[in-house]
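Accompanying notes for the structure given below.
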Number of protein chains: 2
Amino acid sequence: MVAFAMHKGQLHILLVRRGLEPHSQSWALPGGFVQHEETLAAAALRELREETSVALSPNHLEQLYTFGNPGRDPRGRIVSVAHMAVLPHGTPAVHAGGSTVGAAWFVAHDPPPLAFDHADILARAIRRLQTRLEYANLAFEFLPEHFTLPELQEVYEAILNQKLDKRNFRKRILSQGLLEPAGERRNGVGRPAQVYRRTKRVKYPGSAL
Amino acid sequence: MVAFAMHKGQLHILLVRRGLEPHSQSWALPGGFVQHEETLAAAALRELREETSVALSPNHLEQLYTFGNPGRDPRGRIVSVAHMAVLPHGTPAVHAGGSTVGAAWFVAHDPPPLAFDHADILARAIRRLQTRLEYANLAFEFLPEHFTLPELQEVYEAILNQKLDKRNFRKRILSQGLLEPAGERRNGVGRPAQVYRRTKRVKYPGSAL
DNA sequence: TCAAAAGTGTTAGCATTACACCCATGC
DNA sequence: GCATGGGTGTAATGCTAACACTTTTGA
């Protein structure tokens, strides 16, 4: 499971530190084996919760890709059905569970060395997130119910890893007609920002939720 | 495996008739179990060849999606990593092999009732093919080395299941600069068509070939 | 009054769409 | 000479990208 969240303007992912061989003490994506009467998505979510103790429900969950090359795991032929999830805003405290000895948030674009082929999985998840952003409005899933346009733009910039033009961004977002004003907010110094919320929440059809 | 090919201006898929329970005598997508030292894509390709006797190598092969809901197969928990392939032009004769009792081509947009959840798999494959067409130039993979623009347009129309404007289509394709003239062709009555071939074959990065 | 953050319009270039007639051949 | 299929251009519209200054607040 590649679990994404936004924190301080940066895209983060949730990793666990392995306690067992192979790759003991390495960082890895949380995951494990499917049980007999659960869906693949439910298994990914259960393993995420067991190994990292995150209590949050993701705002988005979708299957990413299946990695099954022989030799990707020294224990034998292991086929991993990778999923990706978008967690609500913020990076809450996490702690190890199950067979792991650590759990922590990392900046997605600058991860530590990862066990197995998990770096490939992460790279594919980031690419998918970037393309989904365009036509599935995934950015909203990273924010709380009320947010400002600069906050939304920050999400886009963190995921795409590039700066966007403020005026064009606002024009594009507001022309979609999915937002309605919901007050103002003062963030210390500077002019107060208009607060928005989504008018209707249209679920992306590929979502597993 | 969802194996696509183009024949007489229609998008076709290759199906097998099951000889064993469950769903004996039903039409189904070709497929089977992965062997220990082969990749997932190689397994899909091997099963396609064993069950349908197609000798052709696909021009494109990619992983589609993994179907693993409990209950999708009455024999137990079966997880299927669906793939899709584009075969070269035409629908060569096929015949049953392995445990199947039939193999045949069907029009993709009008399939017979399918075993298991294979109708879902087919629907997803067609959707994927339609979106890939746009940014991966997959249409060329359905045609022989030399082809005419009306033939290429026919591929687009069969996959998208809609008519396209001839002038706009030609403008769009030729402006990509991927084609070079390669003679003319007379097809019986009517003005001869300009024949083209690709200048460079740029593989789509998601391809498993 | 200064620094910080939010907000606001216009223009040029490019891509997309709609649309109707002439051309070359076989019979 | 006529039926068949191949080939061609233009105008309107919408979308994208580039670009700089004003407004509102706290300190």
**Message:** Counting only heavy atoms not in A:Arg186 (residues, nucleotides, ligands), do more than 12 fall under 6.0 Å from its CZ?
**Reply:** no
**Message:** With heavy atoms of chain A within less than 4.0 Å as the criterion, where does contact along DNA chain D begin and end?
**Reply:** D:dA17 to D:dG26
**Prompt:** Pick the nucleotide of DNA chain D nearest each of A:Arg191 and B:Lys171; which residue has the one closer to the 5' end?
**Reply:** B:Lys171
**Message:** Is it the case that the side chain of B:Thr131 and the backbone of B:Arg128 share a donor-acceptor pair, with hydrogens and angles ignored and the cut-off at 3.5 Å?
**Reply:** yes
**Request:** Taking the six-membered ring for Trp and the single ring otherwise, decide whether the centroids of B:Tyr196 and B:Phe147 are under 6.0 Å apart.
**Result:** no
**Message:** Centre-to-centre under 6.0 Å for A:Phe67 and A:Tyr65, is that the case here?
**Reply:** yes
**Fill in**
Walking DNA chain C from its 5' end, the first of A:Pro192 and B:Arg167 to be reached, judged by nearest nucleotide, is A:Pro192
**Message:** Closer than 4.0 angstrom, basic N to acidic O: yes or no for B:Arg198 and B:Glu141?
**Reply:** yes
**Prompt:** Quick one: does A:Thr52's side chain have a donor or acceptor within less than 3.5 Å of a partner on A:Ala103's backbone?
**Reply:** no
**Request:** Sort and list the pairs that fulfil salt bridge (charged side-chain N to carboxylate O under 4.0 Å, His left out) and have at least one residue in residues 90-117 of chain A, not counting sequence neighbours.
**Result:** A:Arg72-A:Asp117
**Item:** Side chain A:Thr100, main chain A:Ala96, donor-acceptor under 3.5 Å
**Value:** no
**Message:** Salt bridge or not between B:Arg191 and B:Glu184? Use side-chain N to carboxylate O under 4.0 Å.
**Reply:** no
**Prompt:** Do the charged groups of A:Glu51 and A:Arg17 touch, with an N to O distance under 4.0 Å?
**Reply:** no
**DNA chain C contacts among residues 157-166 of chain A, heavy-atom distance under 4.0 Å** = A:Lys166
**Message:** Tell me which residues in residues 183-190 of chain A lie within less than 4.0 Å of DNA chain D, going by non-hydrogen atoms.
**Reply:** A:Arg186, A:Gly188, A:Val189, A:Gly190
**Prompt:** Ring centroid separation for B:Phe116 and B:His23, is it under 6.0 angstrom?
**Reply:** yes
**Message:** For residues 159-170 of chain B, which residue pairs pass the salt bridge (charged side-chain N to carboxylate O under 4.0 Å, His left out) check, not counting sequence neighbours?
**Reply:** B:Glu157-B:Lys163
**Item:** Where chain A begins and ends its contact with DNA chain C, read 5' to 3' at 4.0 Å from heavy atoms
**Value:** C:dA4 to C:dT10
**Asked** Would you say A:Leu15 and A:Pro112 make side-chain contact, with heavy atoms under 4.5 Å?
**Response** yes
